[in-house]
Amino acid sequence: MEKLNNPSEFCLILKYAFKDLGRNYHKIASIIVTLFISLFILSAIFTIEDSLKKELNDNAKALLGGDLEIDYNRNQGNLDLVNKVKGFATVSQMIEFSTMLSTTGREKNKSLFTRIKTVDEKYPLYGNVVYEPMGAYERMQKEPNTILINESLSKTLNIEINEIVKVQDQKFTVIGIIKSVPDVSGFVAFGDWALAGKQTLEILKLNGIGSFLNYEYKVKFNKNDKLEEIEQRIEEIFKDDQKVKLRYPENSASGIKRIINNFSQFLSLVSISAMLIAGIGIANTLLSFINQNNMSIAVRKAVGFYSGNIKTLYYLQLFILLFIITVIAYGSSFLIVPIADKYLSDGLGLNVYPVFSLLNFLKIFLVGLLVLVIFSIPTISSIDQIKASNLFRNVFQNLQFYYSKRSVVLSFVLLSILILLFTVGSEQPSYSLGYFAAFFVCLIVFFLLSKLIIFFLKKYKSSPIISLKVSIKNITQTKSITPITVMSLGLGVTLLLTLALVGTNFQREIAKSIPDIAPDYFFVGIQKGEREKFERGILNMDPNAFIEIVPMVSSGIVKINGVDPNTYIKPDNDSYWVIGSERRSSWVENIPEDNPILEGKWWDLSNPDQLQISLDAKIAKDFNIQLGDIFTLNVYGREIEGEVINFREVDYRDLSINFAMLFNPQFAKNIPHEYLATAKFNSNKFDETEMLEIMPSLSMIKIADYLSKVTAVLNKVFIAVTLISAVTIIIGLIVISSAIMVQGKVKEYQNLVFKILGFSKKQIVFSSLIEFIIIFKSVILIAIFFAVIGSKFIMENIFELVWMFDFKVLIYLGFSIGFVTLILILLTNLKYLNPKVYPLIRNQ
Amino acid sequence: MSVLLKLKKINLKYQTGKDSISVLKNINLNINKKETVSVIGESGSGKTSLIMLIGGLEKATSGKIIYNNQEITGLSEDEVSEIRKKNIGIIFQSFYLIPNYTAVENVALTLELNNFKNPEKEAKILLDRFGLKHRFNNLPSQLSGGEQQRVAIARAISMKPELILADEPTGNLDTENSIMIANILFKYVKEEGSSLIMVTHDPKLADKAKRKIKIKDGKIK
């Protein structure tokens, strides 16, 4: 931007900026629309993310359930140490487990795999349990065999208050429905769960093996205690206890925070794409606008305005426009929060409220400013090309983007700031950087493509069809706008195709039927002596059922090559769950059919006294594990060392029996264990409730139910992706039409001359069509290539879902986008295709 | 001499918002083959509108235009384009060259439109005839006003039209260039036997035509 000589000159320019903007805003409507839409998306993402994080931070203690959490995972833990803490702080004990909950007394009873949380009278230490009817929670604490169930469970099993349900072999009265609990971070966000009093464990006589028991102690400090001192004191108490994990409020809801960060990063990157594409549109529209004002700029120069003054005039107009639009966009984003609140409170029990953040507003304004300045530099610089002498010659050449060395450097610096703004502090900076790199690679490829098109068409001169010849001439002429059209169209179509492919893959995941090899049911909690009883029970109901039973043991990874993995593997690692808590492992004689070995050898039978481990290859990659590495496992309190001897490809999504770790049976068969089983039925005769009569402690997970819950979550993500895609599509289309607008005046003039010379309307339309087809067919091939890579990366790395190549969808999308773009181009071009002669001849 | 063009009771009105402006009123005019006619009159009298009507670039509100015994007022836009393409050359005060086409390309365009075998070769011959050999590959912005108008004339006559319509052909030029353009135009008309209707403010140029028509307030005086 140019410097102004004195304040009065600036005031004069400012006055003209307001005056011009007031008169010309309708001519730059597409700038206003694209800028508003892209800033609105960005504002909505920032506002929701901020509101959500504020909610999580404000309620960190409530989400954790206390000032500190002592987590013993599958063990009851060292009660002596816990009692020491009770001496100077309030401790609330809770145990979570999963089991079957069944209705009773109905003609056809139903059962559901349910997570039950038993709590003492001190629960919750922070926040509130929201339930109905009044007094139900207090009754649950006092009266044995009472239970509160959540809304989802109540709806799924159609259970009403005061109905009797069965948990294992005990009957419980449902005395209330829970709307929400404060500590969602350690509990189940989606799905079916229930709250029960602490006496429930004794009633059910549960043991640790079969019921997924999880022990937690929440600690609340006294008001006057110094936080750090108490924390240190507790850490000192547990310093020698390796089974315990201490968690603090700042670590609460880490899973939810990670999901929010990942998802908002994806949305932010899509929104910045929308902004950058909008930037191209802004550059195009602005160039078209300056072209329209060509004569008035020349007149201004003729009466004594410096080129710098005029450029400042345009920058000021953009700045004023940006400020107004940012205020409106940021303000409007608050209207989205109640919608987000509805989804989040239903799903997570979190409530979000609009939170005004000056920092966010400034960040959004800065992003808008950077994009606007980066893309308007070459456009506004083109004002230098307009000469006052043009007025005398009556020659007004169509302006071109102008890049001086200074403007290139400035654009580069501003672009770097923009990239830093989106990279620093993001959940995965490498993804953001990679994304920007990919964006600019696309841009460069499309620029080179445009040059290639021009190069080849220049060689093709002898066409008998005049319309084709005119089209080729238009594409190849000096100062042609083909590069900008190809880049705008290319980036727009690439983004549209990428998002469309992500959308269709999402749809496929949502609509996906149960995989062929998946069983109908998973069964957990089959004790060592119950195997035959279980098999008999199943086969009695369906003699043709296919049953698979594998032994199962709980184990935790204590060390990898002698080092505690928790010291160097961070929670943001994709495979952190493997070391986060104890995992179930199994052993098999032969290589599982759906788990092929990728590296290493199957069991070394000559070494039966050594624990050998077969590991999921992805985990090995994530933890940088090599063959021969030694794992120290904690199995029922005993530490055992085992060598990793092979890596398997495990696809958990096939829903068959899959374990992260498999052991050699020669060694593992003597470890105390229970069984995990699956069954695939050939009839509808299997009855869950009947099975529970035979084995009350058995837990059953129906795959169809599980999938429907996953689908519900995916649906919510899909809605967000679809919404942002739709908005980006709108921006993309506006940008594509803006590319046409750039050449609008030239086209109009050119078509007028063609008309005077005797071209028919059909020939003029036909030449426009050919021009579009030549450009689009080149662009679509490259766009498909980028979209396939981009959508695959997004689906597999960001959403961790299956990506599938679907040729039919691509063809359909390619044609649809081409058709819509063509219609849009024709509509945009319509007024230029058949210009009215009189106004043009008269210079009106 | 046979009649090339007949205008019968031509009226032309423009609608500007709620108001209707009568530009041409009850015009009756015959133009013979090989005849040169200059149209003079004050600004806003309707001279250019008359040229545009004859060239088929505007539709008369009422009346008939008969070109070579064929009524063109009832024809479609494309049918009129076809007649114009083959038979009428138009020259403007503001040249109306395509800014991104070179001099040769501007002239060749009309020839290509009419399926000439070597349009660029023909265009070069024409431009050479008008002293523009050294300007073949220049864009209009690189040409002087006189040169631009010579390219425009070359384009207009490239199809050897029966009728040339010229709207202030020297209006944007200096005296020297004006004389040169007028000479080129009249020499060509004489040599090729075309008819010429020329709108001008320049009395000397108007005098070069065989017949002078004065238009005042949309009427022929």
Side-chain angles (χ1 to χ4, degrees), chain A residues 291 294 385 387 389-390 392-400 461-470 472-482 743 745-765 767 834-844, chain B residues 12 14 23 48-49 51-53 55-59 76-102 105-106 108-115 117 119-120 139-145 148 152 155-156 158-159 161 165 167 172:
Chain A
N291 266 321
N294 207 319
Q385 297 166 29
K387 307 283 178 222
S389 59
N390 291 352
F392 299 98
R393 302 286 302 269
N394 200 18
V395 172
F396 290 98
Q397 277 283 319
N398 213 33
L399 297 175
Q400 299 293 314
K461 280 183 177 171
S462 54
S463 164
I465 308 162
I466 185 73
S467 298
L468 176 61
K469 206 158 186 178
V470 168
I472 293 174
K473 178 68 194 163
N474 283 344
I475 293 172
T476 57
Q477 69 195 0
T478 326
K479 294 184 177 178
S480 136
I481 64 153
T482 306
Q743 50 179 358
K745 270 280 160 196
V746 179
K747 280 259 167 175
E748 190 175 24
Y749 179 89
Q750 187 174 291
N751 290 339
L752 168 75
V753 177
F754 287 161
K755 196 172 171 181
I756 291 165
L757 295 178
F759 269 73
S760 67
K761 206 193 300 177
K762 206 165 79 183
Q763 281 173 315
I764 295 174
V765 174
S767 83
N834 193 19
K836 290 259 174 253
V837 180
Y838 186 79
L840 276 164
I841 297 278
R842 294 290 190 181
N843 267 339
Q844 284 179 2
Chain B
L12 179 66
Y14 285 123
V23 183
T48 302
S49 298
I51 290 265
M52 287 200 293
L53 275 178
L57 297 170
E58 278 292 325
K59 282 218 169 222
S76 72
E77 213 177 310
D78 282 354
E79 285 167 331
V80 175
S81 286
E82 197 58 28
I83 292 172
R84 188 167 57 239
K85 183 168 84 176
K86 290 185 173 131
N87 305 297
I88 303 172
I90 307 176
I91 301 161
F92 298 92
Q93 180 180 356
S94 299
F95 323 132
Y96 286 108
L97 298 176
I98 297 176
N100 300 316
Y101 283 34
T102 61
E105 286 169 341
N106 263 288
L109 187 66
T110 319
L111 298 164
E112 281 179 86
L113 189 60
N114 287 284
N115 303 318
K117 275 193 176 172
E120 295 212 347
L139 292 170
S141 58
Q142 296 162 331
L143 303 174
S144 72
Q148 285 187 58
R155 185 180 66 186
S158 60
M159 284 303 299
L165 303 172
D167 183 20
N172 275 345

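By convention in this document, chain letters (A, B, ...) are assigned in the order of the sequence lines, proteins followed by strands, and residues within each chain are numbered from 1. Please read these numbers as outputs of a predicted model, since none were measured by experiment.
If you measure heavy-atom distances from B/Leu97 to chain A, the contacts under 4.5 Å come from the backbone alone. Only the side chain of B/Glu105 comes within contact range of chain A, judged by heavy atoms closer than 4.5 Å.
For the atom pair CD1 (B/Ile91) and CD1 (A/Ile756), the distance works out to 12.0 Å, reported to the nearest 0.5 Å. Taking OG of B/Ser76 as the start and NZ of A/Lys761 as the end, the distance is 9.0 Å to the nearest 0.5 Å.
With sequence neighbours excluded, the residues satisfying side-chain contact (heavy atoms from CB on, under 4.5 Å) with A/Ser467 are A/Ile465, A/Gln763, A/Phe766, A/Ser767, A/Ile770. Residues forming a salt bridge (charged side-chain N to carboxylate O under 4.0 Å, His left out) with B/Glu120 (at least two apart in sequence, or on another chain): none.
Geometric assessment of A/Lys473 against the ring of B/Tyr101 yields a positive cation-pi assignment under the 6.0 Å and 45° thresholds.
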Apply side chain to side chain contact (heavy atoms under 4.5 Å, CB included) to B/Leu109 and A/Phe759, showing your working. CA-CA 10 Å; B/Leu109 187 66; A/Phe759 269 73; 4.2 Å; yes

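Within the 4.5 Å cutoff, no side-chain heavy atoms of A/Leu757 are placed close to those of B/Lys85.
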